[in-house]
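Values below: every heavy atom of this structure, side chains too, minus hydrogens, waters and symmetry copies. This one's a predicted model, so the numbers in the text were calculated from it and none came from an experiment. Atoms within each ligand, like the ligands themselves, are counted from 1 in listed order.
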Amino acid sequence: MGYHPLLTTISSNKLEKITLRSGGVLKGNVRVPGDKSISHRSLLFGAISEGVSTVEGLLPAEDPISTASCLRAMGVEISHIAPQQSVTIKGVGLQGLKEPEDVLDCGNSGTTMRLLMGLLSSLEGKHFVLTGDNSLRQRPMKRVADPLKMMGAELKGRCNGNYAPISISGKKLHGAVIGTPVASAQVKSAILLASLSAQGSTTVIEPAHSRDHSERMLRAFGANLIVGGEMGRHINIKPGGCLKGQKIVVPGDISSAAFWLIAGAIVPGSEITIESIGLNPTRTGIIDVMHQMGANFEILNQTDIAGEPVGDIRVSHSSLKPFKIDNDIIPRLVDEIPILTVAACFCEGESQITGANELRVKETDRLAVISRQLSCMGADIDEQEDGLTIRGGKTLHGAEIDSETDHRIAMSLAIASLIAEGDSALARSDAAAVSYPNFWEDLAKLQN
Ligand code: S3P
């Protein structure tokens with residue numbers, strides 16, 4: 001990353017502490033990188049299929065790279081992952097993953113660890129150990145291990161099985177009817193992966209409908225999967241379907257687009273068009289909240305690409321009303337709470353986020369971290385156990401702020417600092433590379 005006028009790199013080789021200049025407007029078009037959830041699933045489902053899968057637009061960021069390197073360690077050939085390059089995966093079939101010679105490192109990626117827990121539990125006679133970075137080793141894994149144990153899986157971990165390193169002894173699993181304790185696509189997908197080669201059918205029942213990329217993609221690969229129940233909360237899978245390699249096109253990640261959607265709405269004078277964003281209805285909670293805020297935006301060029309709805313969004317600055325978010329909508333915007341908290345600071349009046357306990361077990365405790373960091377900039381925020389109250393309309397000031405290693409916090413703080421009075425210094429800004437390696441370049445491009 002070279003020097004450019006609006007961001008100053010302090011560390012020369014790694015973008016750690018940067019100065020974020022306040023002021024200016026954001027204008028132009030931007031195409032965010034591929035959807036992280038779909039990228040992980042493309043790699044995993046491609047790996048266990050028969051034949052070759054090709055993926056256009058796979059997210060070339062740290063998290064999917066962790067998934068790819070775990071799969072490579074189990075004998076899957078995956079071509080180099082780089083921007084604008086299509087990726088080829090040579091599938092090894094449902095039981096074809098080899099026992100790795102070493103521990104599998106999932107880095108910072110909860111999706112990698114949790115989906116692998118499901119998949120590897122069903123590989124008979126093989127042994128695996130999954131670990132990750134400091135953050136991932138503190139995230140709860142029992143929510144995945146417990147339902148898998150109902151299918152006969154054998155998993156062990158620290159603190160009564162809740163924390164990685166997790167060791168897995170692969171077994172022949174049996175189908176089950178499983179009600180998941182939380183609306184989590186990671187938990188649901190782990191069970192679906194385990195059930196592909198189990199004996200008998202499995203039904204997963206979620207308390208609320210979480211993102212459904214696994215269901216869509218597994219069906220496209222040839223799995224016997226039926227979605228039913230109220231709002232698609234019951235998913236039944238029958239083993240025996242043969243997964244066949246596919247051609248996948250990954251849409252832009254709405255969770256990355258979220259930073260520009262909010263930046264365009266709150267930075268005076270801005271107008272941004274974000275192109276080719278995935279608009280899967282299980283992910284578009286932020287659009288509902290932008291309607292509540294009275295934000296000025298329109299969705300253009302809506303179409304379907306490879307089984308997922310896609311469109312462009314043009315957004316421009318306007319005055320904004322406060323909003324309310326409760327647990328009904330949380331699964332549809334779970335990753336957007338930090339940037340929506342920033343948005344709330346610029347809405348005239350009191351915004352309320354409730355039912356968001358899940359935020360406490362993400363890459364960081366995001367309720368605590370975003371309120372702590374925005375408070376350093378003068379934001380008026382109260383933290384509750386399950387949410388935040390934000391009294392917006394007060395001027396923020398530049399400050400020494402810190403991502404605390406969380407990618408979505410780094411990018412949210414960067415947007416907040418654009419309209420603070422005075423410059424900010426953001427520590428551990430390199431965290432953004434977990435999901436959006438080009439974030440700083442795209443920010444600079446839109447500022448010109
Ligand atoms: C993800 C699901 C979400 C989300 C995460 C990615 C996935 O987690 O926060 O960034 O790819 O399945 P939960 O569904 O576990 O809340």
Side-chain angles (χ1 to χ4, degrees), residues 32-45 58-59 61-64 66-67 106-119 132 135-136 139-148 162 180-193 204 206-218 232-233 235 248 250-251 253-259 278 280 282-286 308 327-340 355-367 370 386 406-412 431-432 434-436:
V32 294
D35 187 276
K36 184 157 79 68
S37 295
I38 298 177
S39 296
H40 284 297
R41 287 158 176 80
S42 306
L43 293 163
L44 287 161
F45 301 170
L58 190 125
L59 169 65
E62 287 173 10
D63 267 13
S66 294
T67 293
C106 304
N108 189 245
S109 174
T111 310
T112 307
M113 182 169 286
R114 292 183 173 135
L115 270 58
L116 280 177
M117 283 170 71
L119 178 60
S135 149
L136 188 54
R139 296 182 65 188
M141 295 298 148
K142 242 170 113 61
R143 55 174 58 196
V144 185
D146 283 351
L148 292 172
N162 201 23
T180 58
V182 275
S184 157
Q186 295 179 351
V187 176
K188 170 176 66 180
S189 304
I191 301 168
L192 295 178
L193 280 165
V204 187
E206 293 198 278
H209 193 30
S210 66
R211 64 189 66 186
D212 66 358
H213 305 299
S214 291
E215 293 93 304
R216 287 173 187 251
M217 208 187 284
L218 278 173
R233 292 190 299 111
I235 303 113
I248 300 154
V250 183
D253 197 326
I254 190 166
S255 299
S256 299
F259 302 107
N280 178 313
T282 60
R283 299 284 299 280
T284 48
I286 185 168
E308 291 276 351
N327 58 324
D328 285 347
I329 199 174
I330 295 285
R332 295 179 54 232
L333 47 67
V334 64
D335 292 334
E336 284 68 80
I337 301 282
I339 188 63
L340 284 169
N357 317 56
E358 272 300 294
L359 272 282
R360 299 216 178 264
V361 291
K362 293 292 177 190
E363 286 82 334
T364 59
D365 175 345
R366 285 185 173 155
L367 295 181
I370 196 68
D386 72 335
D406 188 317
H407 54 128
R408 301 204 196 279
I409 300 285
M411 295 183 271
S412 300
V434 159
S435 62
Y436 196 161

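Here is the list of ligand 1 atoms found below 4.0 Å of a heavy atom in Ser37: 1 (C), 6 (C), 7 (C), 11 (O). Taking a cut-off of under 4.0 Å to the non-hydrogen atoms of Val334, the atoms of ligand 1 that pass are 9 (O). Atoms of ligand 1 lying under 4.0 Å from at least one heavy atom of Thr111, given by number and element, are 1 (C), 6 (C), 7 (C), 11 (O).
For the pair Ala185 and ligand 1, the shortest N or O to N or O distance falls below 3.5 Å. Residue Asp335 has at least one nitrogen or oxygen atom sitting less than 3.5 Å from a nitrogen or oxygen atom of ligand 1, judged on distance alone.
For atom 15 (O) of ligand 1, the nearest protein heavy atom (residue, atom name, distance) is Ser184 OG, 2.5 Å. Here the protein heavy atom with the shortest distance to atom 16 (O) of ligand 1 is Lys362 NZ, 2.8 Å. In this structure, atom 1 (C) of ligand 1 lies nearest to the protein heavy atom Gln186 NE2, 3.5 Å.
A salt bridge is absent between Lys362 and Asp406: the closest approach of a Lys/Arg side-chain nitrogen to an acidic carboxylate oxygen does not fall below 4.0 angstrom. By the 4.0 Å N-to-carboxylate-O rule, Glu358 lies close enough to Arg143 to be salt-bridged with it.
Between Thr180 and Glu206, the side chains place no donor N or O within less than 3.5 Å of an acceptor N or O (distance only, hydrogens not considered). Side-chain atoms of Arg211 and Ser37 include a donor-acceptor pair closer than 3.5 Å. Side-chain polar atoms of Arg332 and Thr282 form no donor-acceptor pair below 3.5 angstrom.
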With salt bridge (Lys or Arg N to Asp or Glu O under 4.0 Å) as the criterion, how do Arg283 and Asp253 come out once you've worked through the C-alpha distance, each side chain's angles and the decisive distance to 0.1 Å?
CA-CA 10 Å; Arg283 299 284 299 280; Asp253 197 326; 2.9 Å; yes
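Within the 4.0 Å heavy-atom shell around ligand 1 one finds Arg211.
Contacts between Arg41 and ligand 1, counted as non-hydrogen atom pairs separated by less than 4.0 Å, involve the side chain only.
Heavy-atom minimum distance, Val250 versus Asp35: CG1-N, 3.3 Å.
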